[in-house]
Each structure stands twice: as C-alpha cells, then as structure tokens.
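Note sheet for the following structure.
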Amino acid sequence: MNDNFFHLGGGDSTKAILLSSELEEIFGKEIAVVDLFEYVTIKSFLDFMDKPSDEEYSEDQVRSLRESSRKNRLIQRNRRLN
C-alpha cells in the first residue's frame with residue numbers, strides 16, 4: 001500500500017500512461033498521468049480518488065487546494081535536494 005510505483009518493477013512514464021488508461025476504465029473517470037506522479041503509492045492514490053472532483057468544490061476551495069498542492073511539491077523537491 002505504501003510502496004512507490006516508480007520504485008516497484010521499474011515504473012516509468014510509459015508505464016504510468018498505460019496504468020492511467022487502465023485505471024480510467026476501472027474507476028470510470030479521467031485520471032491524468034500527472035496524478036500518478038503526484039500520488040505514487042496505492043494508499044495516496046486511493047485517498048486522492050476518494051476526494052470529490054473540482055466540480056464539487058467552490059472556486060476558492062479549488063484555488064486553495066491547488067496552492068497547497070504546489071507548496072507540498074516544492075517542499076518535497078527541496079527535501080530531495082538537501
């Protein structure tokens with residue numbers, strides 16, 4: 001559940017594209033490949049899938065969520081560099 005997709009079996013961008021197509025069929029909704037890069041564990045991906053879509057949030061909530069996501073990515077990137 002907490003293993004990183006890209007560390008298991010040599011996950012790469014090509015496999016992520018194929019996986020996103022398969023997951024779209026399973027879940028019945030569009031899954032962007034970038035989501036697989038952001039939610040790299042099964043647990044984090046399932047948590048993401050349980051969240052309501054953008055249409056279920058107000059514009060302010062969507063902006064706030066996107067800003068929070070950007071900040072988290074920057075923090076993670078900085079940790080990897082240090």
Side-chain angles (χ1 to χ4, degrees):
M1 289 291 282
N2 293 312
D3 292 327
N4 185 312
F5 165 73
F6 294 99
H7 296 158
L8 294 172
D12 58 31
S13 58
T14 303
K15 289 179 183 175
I17 292 168
L18 296 172
L19 180 60
S20 101
S21 294
E22 290 178 27
L23 291 171
E24 284 179 2
E25 288 181 30
I26 292 168
F27 287 98
K29 67 183 204 179
E30 185 176 334
I31 298 167
V33 174
V34 296
D35 293 333
L36 297 177
F37 283 91
E38 186 166 348
Y39 306 101
V40 296
T41 66
I42 293 170
K43 182 180 180 338
S44 66
F45 180 76
L46 291 176
D47 289 344
F48 162 71
M49 292 302 293
D50 283 340
K51 291 180 186 176
S53 66
D54 284 355
E55 295 91 41
E56 298 176 44
Y57 288 113
S58 71
E59 287 184 33
D60 288 338
Q61 288 172 315
V62 170
R63 268 194 295 278
S64 177
L65 287 168
R66 287 185 179 148
E67 182 60 30
S68 174
S69 178
R70 280 188 212 109
K71 286 179 185 176
N72 286 336
R73 284 195 301 273
L74 288 173
I75 290 168
Q76 290 173 359
R77 202 173 298 143
N78 285 335
R79 285 182 183 159
R80 282 182 283 204
L81 293 175
N82 293 326

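Just so it is clear, the model here is predicted, and its values are computed rather than measured. In what follows, every heavy atom counts, from backbone to side chain, and hydrogens, waters and symmetry copies are set aside. Start at 1 with the first residue, then count along the sequence.
Here L18 contributes atom CG and L23 contributes atom CG; the two are 11.0 Å apart, rounded to the nearest 0.5 Å. Distance check, rounded to the nearest 0.5 Å: CD1 of I17 to CD of E22 gives 12.5 Å.
In this structure, V33 and S20 approach most closely via the heavy-atom pair CG2-OG, 3.7 Å. Looking at every heavy atom in both residues, M49 comes nearest to I31 through CE-CD1, 4.0 Å.
S44 meets the side-chain hydrogen bond (donor to acceptor under 3.5 Å, both in side chains) test with T41; sequence neighbours excluded. Under the side chain to side chain contact (heavy atoms under 4.5 Å, CB included) criterion, I42 pairs with M1, L46, not counting sequence neighbours.
In this structure, Y39 and F48 have parallel ring planes: the angle between them is below the 30° cut-off, well short of the 60° mark.
For residues 33-44, the salt bridge (Lys or Arg N to Asp or Glu O under 4.0 Å) pairs, not counting sequence neighbours, are E38-R73, K43-D47.
V34 and V40 are assigned to two separate hydrophobic clusters, defined by single-linkage of ILVMFWY side chains at heavy-atom distances under 4.5 Å.
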